[in-house]
2 protein chains.
Amino acid sequence: MILEGELPLGGVVNEVVIAQRFNVSRGPVREAVQRLQGLRLVTREPYMRARVVSLSTRDLVEIFQLREAVEGMACRLAADAMSDEALAALMKELEETRRAGLNAYQPEGGPFDLHQRIALACGNERIRHLLAEELYHLLRLYRRRSGAMPGRREQAFDEHWQIVRAMFNRDPDLAESLMRSHISRATAALIASMERKEVSTEPEAPDAA
Amino acid sequence: MILEGELPLGGVVNEVVIAQRFNVSRGPVREAVQRLQGLRLVTREPYMRARVVSLSTRDLVEIFQLREAVEGMACRLAADAMSDEALAALMKELEETRRAGLNAYQPEGGPFDLHQRIALACGNERIRHLLAEELYHLLRLYRRRSGAMPGRREQAFDEHWQIVRAMFNRDPDLAESLMRSHISRATAALIASMERKEVSTEPEAPDAA
DNA sequence: CTCGACCTTAGTGTTGACACTTGCTGTCTT
DNA sequence: AAGACAGCAAGTGTCAACACTAAGGTCGAG
């Protein structure tokens, strides 16, 4: 419901309503909400209503800093762990997406997401979970609100290409460095974009009447 | 109960027993266990009993790889975010611990834990939570079982000193690099130690009769 | 007219009981 | 004697109801 936009960003989460919405009792809903709290998708304080995260600029920058570190390490590990065949397949898919994708690109779950693929292939289950389960949903949530920024797609393709090339050459140091630069640039573009059009992540102007 | 050793490493977690142990119903116990599952301290599969993690060598290596990436980033951020006064205090405390601590060192929660201090001071709430809340408990759990390895303490002190010095000089690149090397060395020592005395983290030899 | 205390109400925290699944054990069949 | 099937017990998943808390509204006093 959060990812589908059925629950607005700063909105409150009413356990009873959710329970009726799914024809279930409050118990399972409580457990689900607590798992979402574990994933930092909702915040909660004792006896207060649970709220969907608001995704402030600061939150996004923090997430991107964490991604820079962890995805860099995932890239390093994957450069060692992936087989030659898997790397070749990765390059092939990337090239296909580049050719076909510039006009018709399915944003839904992505037919090809390099970051996701690297996280899945890095061989470290804990890192995989952090990137592919915990942070992935937050990024989807953000992208859904504020669309991609123009012009960065082609640049991102080039950077992806260099990353995969470094992995193919079995150069973990370079692969990690390139991935970190890639995410760092994305962070800078993000900050610039946010500052330009102070996107309304505010829940709703309270505006006490 | 897990950290105190009251629940053995591979042991099962019985909700009813825990509930009676704390004079409470099963509801709160379920929620607590689910939070522990979120912290990867217990594993769970549908309708099966919950089990305390077993902390295999592979798990520890994965945790240390993650720490290398994230603590490195935390160190970089802290080198920018911390005030001169805070850094000076950190150096002072480190020196005092070195002088007084070589014989009488309180392992309980630590009067001075550089890694913890950096995590708290890095200014990134998400990284702080990951290091100081999620991974910290797992490391405590591990250290409780397998004591520190001899000889590495003095070396660790030197490495800590260099790290703080780089932070004091406002050199984030160096600080991150030193922290990563520090953790990487600890990982190597850990692996060597584990291979030497295949520590019995196994729950119990099932040994089907 | 404004401010503060009381009350109402929506919503969360907790409880005890019931339904369902799982693994074992004992017995039966081949 | 070995394998399989039914019954049993332990434990988890779910539910509806009760206790408690915090916010919003109302009434009265200054």
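All heavy atoms count here, side chains included; hydrogens, waters and symmetry mates do not. Below, chains carry the letters A, B, ... as their sequence lines are ordered, and counting in each starts from 1.
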For [X], salt bridge (charged side-chain N to carboxylate O under 4.0 Å, His left out) partners two or more places apart:
X: B:R35; answer: none
X: A:R44; answer: A:E15
X: B:E6; answer: B:R21

**Message:** So does B:D173 get a backbone contact from the side chain of B:S177, meaning a donor-acceptor N/O pair under 3.5 Å?
**Reply:**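 Answer holds: no.
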
**Asked** In which stems does DNA chain C show up, taking only runs of three or more Watson-Crick or G-U wobble pairs whose two distances fall under 3.5 Å?
**Response**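 C:1-30 with D:1-30 - these are the stems of 3 or more pairs that involve DNA chain C.
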
Which pairs would a plain distance check flag for residues 118-130 of chain B, meaning a side-chain donor or acceptor within less than 3.5 Å of a matching protein atom at least two apart in sequence or in another chain?
| from | atom 1 | to | atom 2 | distance (Å) |
| --- | --- | --- | --- | --- |
| B:N124 | OD1 | B:R126 | N | 3.0 |
| B:N124 | OD1 | B:I127 | N | 3.1 |
| B:N124 | ND2 | A:E62 | O | 3.2 |
| B:N124 | ND2 | A:Q65 | OE1 | 2.8 |
| B:E125 | OE1 | B:R128 | NE | 3.1 |
| B:E125 | OE2 | B:R128 | NH2 | 2.9 |
| B:R128 | NH1 | B:E133 | OE2 | 3.4 |
| B:H129 | ND1 | A:R40 | NH2 | 2.2 |
| B:H129 | ND1 | B:E134 | OE2 | 3.4 |
| B:H129 | NE2 | A:R40 | NH2 | 2.8 |

Quick one: list whatever passes side chain to side chain donor-acceptor pair (under 3.5 Å) with [X], sequence neighbours left out.
X: A:R49; result: none
X: A:E85; result: A:S83
X: B:Q34; result: A:E31
X: A:Q116; result: none

**Partner set under side-chain contact (heavy atoms from CB on, under 4.5 Å) for A:E176, not counting sequence neighbours** =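 Applying side-chain contact (heavy atoms from CB on, under 4.5 Å) to A:E176 gives A:R76, A:R180, B:R180.
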
**Request:** Would you grab the first and last nucleotide of DNA chain C (5' to 3') that comes under 4.0 Å of any non-hydrogen atom in chain B?
**Result:**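 The contact span of chain B on DNA chain C goes from C:dT15 to C:dG23.
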
Close N or O pairs between protein and nucleotides 8-12 of chain D (under 3.5 Å):
| from | atom 1 | to | atom 2 | distance (Å) |
| --- | --- | --- | --- | --- |
| D:dG11 | OP1 | B:N14 | ND2 | 3.1 |
| D:dT12 | OP1 | B:V13 | O | 3.3 |

